[in-house]
Amino acid sequence: MGNGKLTMSDETQNRDGKELSISPRHVAMIMDGNGRWARQRGLPRLAGHEAGTETVRRVMNYCRDAGVRYLTLYAFSTENWSRPLEEVTGLMTLLGTFIRKHEEELIEKQVRLRVIGNRADIPAPLMAEIERIERTTAHFERQVIIALSYSGRSELVRAVRKIAERVRDGSLAPESVDEGVVAAHLDAPDVPDPDLIVRTSGEMRVSNFLLWQCAYSEFHVTPVLWPDFGEKDFTEALEAFAKRSRRFGGV
Ligand code: FPP
């Protein structure tokens, strides 16, 4: 991700066959509001995350139908480790259950699963399972990218370390370090930058998500809580995107 190239968008149609003149090639989602959704119902926070996994499944289908090639989901940030142990463990269990449950479907629908973030932080059995599915689906073109133990700053620190190693071993001259080199050392350097970043639950924050890659992304914030995010909300986000005039810093 973040190869510095500006992404091209495809002409497409939505589910009802309605023309959307421009469809984003890469949509990234800040899935927020699970806790509030649960609180409103007098349920434990984990029930909100569980309902949120159902939204993930739906959104994967909306993206497929809309011709979105890359979907990135902010599932767990580096800051989320400071949540109560019960919630952290619950979220890891939910993720494991989700990928096991949908492994066959990913293969059947030809979707590549991959993870960005600090892999060393993830419990070893879960990481082993993720890496197995990453290998099985590696040849598929459409991608679902899960940001796990992820933050934009920590990804940049990883990239800087990799570059420093190369400078130290003499394979890279300091004066050769440019935007392309930085982008090439990010977690998923082959993935184009997101065209559209959607955030649910109304917060107007980037929350350390894809800091390098969001340079020219369009933002869409909806007040809808993630577990309630449905097809209408997704279409609304795509329609808002289609109306934007993207100038990438030009006129
Ligand atoms: C933010 O809501 C959401 C998260 C920290 C976790 C997102 C996880 C999922 C949707 C489930 C698993 C994901 C996948 C990819 C299968 P919050 O808890 O901060 O909500 P609040 O702000 O209302 O408290």
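Numbering starts at 1 and runs along the sequence shown. Remember, it's 1-based here, ligands and their atoms both numbered in the order they're listed. This structure is a prediction, so every number in the text was calculated from the model and none was measured.
- Inter-residue side-chain proximity for Ile116 and Leu210 is flagged as met; some heavy-atom pair is nearer than 4.5 Å.
- Closest non-hydrogen pair, Asp228 versus Asp233, comes out as O-OD2, 3.7 Å.
- Side-chain contact, Ser171 with Arg166: a donor N or O sits under 3.5 Å from an acceptor N or O.
- Using bins of under 30°, 30° to 60° and over 60° for the plane-to-plane angle, the ring pair Trp226/Phe229 lands in the parallel bin.
- Not a single side-chain hydrogen bond (donor to acceptor under 3.5 Å, both in side chains) links Arg135 to another residue, sequence neighbours left out.
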Tabulate distances under 3.5 Å between N/O atoms of ligand 1 and N/O atoms of the protein, writing both atom names on each line.
unit_1, atom_1, unit_2, atom_2, d
ligand 1, 2 (O), Gly33, N, 3.4
ligand 1, 18 (O), Arg45, NH2, 2.8
ligand 1, 18 (O), Arg83, NH1, 2.9
ligand 1, 19 (O), Asp32, OD1, 3.4
ligand 1, 19 (O), Arg83, NH2, 2.8
ligand 1, 20 (O), Gly33, N, 3.3
ligand 1, 20 (O), Asn34, N, 3.2
ligand 1, 20 (O), Gly35, N, 3.0
ligand 1, 22 (O), Asp32, OD1, 3.1
ligand 1, 22 (O), Arg36, NH2, 2.9
ligand 1, 23 (O), Gly35, N, 3.3
ligand 1, 23 (O), Arg36, N, 2.7
ligand 1, 23 (O), Arg36, NE, 2.8
ligand 1, 24 (O), Arg45, NH1, 3.1
ligand 1, 24 (O), Arg45, NH2, 3.2

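- No hydrogens or angles considered: a donor-acceptor pair under 3.5 Å links the side chains of Trp81 and Ser149.
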